[in-house]
*Asks:* 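If you scroll down you'll find the structure; I have some questions about it.
When reading the values below, keep in mind they use all heavy atoms of this one structure, side chains included, and skip hydrogens, waters and symmetry mates.
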Amino acid sequence: MTVALAFVAGFMIGNGLPYYLEGSAGRGANPSPFPDSPHAAVAVGTIAIAVGATCAWLADIPARPVAGGVAFGLGWLAVGMIHAGNWTGDPWRKRARTTEP
């Protein structure tokens with residue numbers, strides 16, 4: 001259970017951080033089904049970080065630091081690789097609908 005929850009924790013915190021940072025910097029562009037607005041990005045980021053923090057707490061990583069730390073790192077890496085491809089693109093085709101010909 002520690003490994004699964006730690007993986008989800010790393011994934012969710014790694015997922016929420018870019019949304020929160022983009023939104024709090026006043027930029028709202030994000031590859032999600034939600035509106036491109038700073039407020040939506042901050043909300044999505046905050047919820048993802050809260051879910052990740054809850055999973056990290058439930059994982060009891062200090063009880064199994066190697067397994068928990070590796071799983072957390074792999075979750076963080078997985079979402080980072082997903083973001084590396086999606087944040088530069090337009091996976092939900094939101095920008096295609098709003099750009100003028």
Side-chain angles (χ1 to χ4, degrees):
M1 190 57 79
T2 295
V3 170
L5 285 170
F7 182 87
V8 172
F11 190 95
M12 293 304 291
I13 292 171
N15 187 44
L17 193 59
Y19 286 92
Y20 182 82
L21 293 174
E22 280 291 299
S24 64
R27 297 182 301 265
N30 61 77
S32 78
F34 304 108
D36 276 341
S37 79
H39 296 94
V42 168
V44 168
T46 299
I47 291 167
I49 291 168
V51 169
T54 302
C55 288
W57 177 71
L58 292 171
D60 194 20
I61 296 170
R64 294 171 188 84
V66 174
V70 168
F72 185 94
L74 289 174
W76 185 281
L77 176 65
V79 76
M81 298 304 268
I82 292 168
H83 283 175
N86 285 338
W87 278 73
T88 58
D90 188 16
W92 295 94
R93 294 184 171 80
K94 292 187 293 186
R95 288 157 199 78
R97 289 185 295 226
T98 60
T99 57
E100 296 182 26

*Asks:* Run the side-chain donor-acceptor check on residues 42-68: report pairs under 3.5 Å with partners two or more places apart or on a different chain.
*Replies:*
unit_1: T46; atom_1: OG1; unit_2: V42; atom_2: O; d: 2.8
unit_1: T54; atom_1: OG1; unit_2: A50; atom_2: O; d: 2.9
unit_1: R64; atom_1: NH1; unit_2: T2; atom_2: OG1; d: 3.3

*Asks:* Is there a path of hydrophobic side-chain contacts, each under 4.5 Å between heavy atoms of I/L/V/M/F/W/Y residues, joining V8 to V79?
*Replies:*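 Per the 4.5 Å side-chain linkage, V79 and V8 are co-clustered.
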*Asks:* Around atom OH of Y20, are there more than 12 heavy atoms of other residues, nucleotides or ligands at under 6.0 Å?
*Replies:* no
*Asks:* So, for P18 and G14, which heavy atoms are closest and what is the spacing to 0.1 Å?
*Replies:* CD-O, 3.1 Å
*Asks:* Same cluster or not: L77 versus L17, using hydrophobic residues (I, L, V, M, F, W, Y) connected whenever any side-chain heavy atoms lie under 4.5 Å apart?
*Replies:*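 No, L77 and L17 fall in different hydrophobic clusters.
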*Asks:* Other members of the hydrophobic cluster containing V3, with the 4.5 Å side-chain heavy-atom rule, please.
*Replies:*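 Other cluster members: none.
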*Asks:* What are the two closest heavy atoms between P35 and A40, and how far apart are they?
*Replies:*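 So the two residues come closest at O-CB, 3.5 Å.
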*Asks:* Taking the side chain as everything from C-beta on, heavy atoms only, tell me whether H83 gets closer than 4.5 Å to N15.
*Replies:*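 SC-SC contact between H83 and N15 confirmed.
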*Asks:* What are the two closest heavy atoms between F7 and A78, and how far apart are they?
*Replies:*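 Shortest heavy-atom contact: CZ-CB, 4.2 Å.
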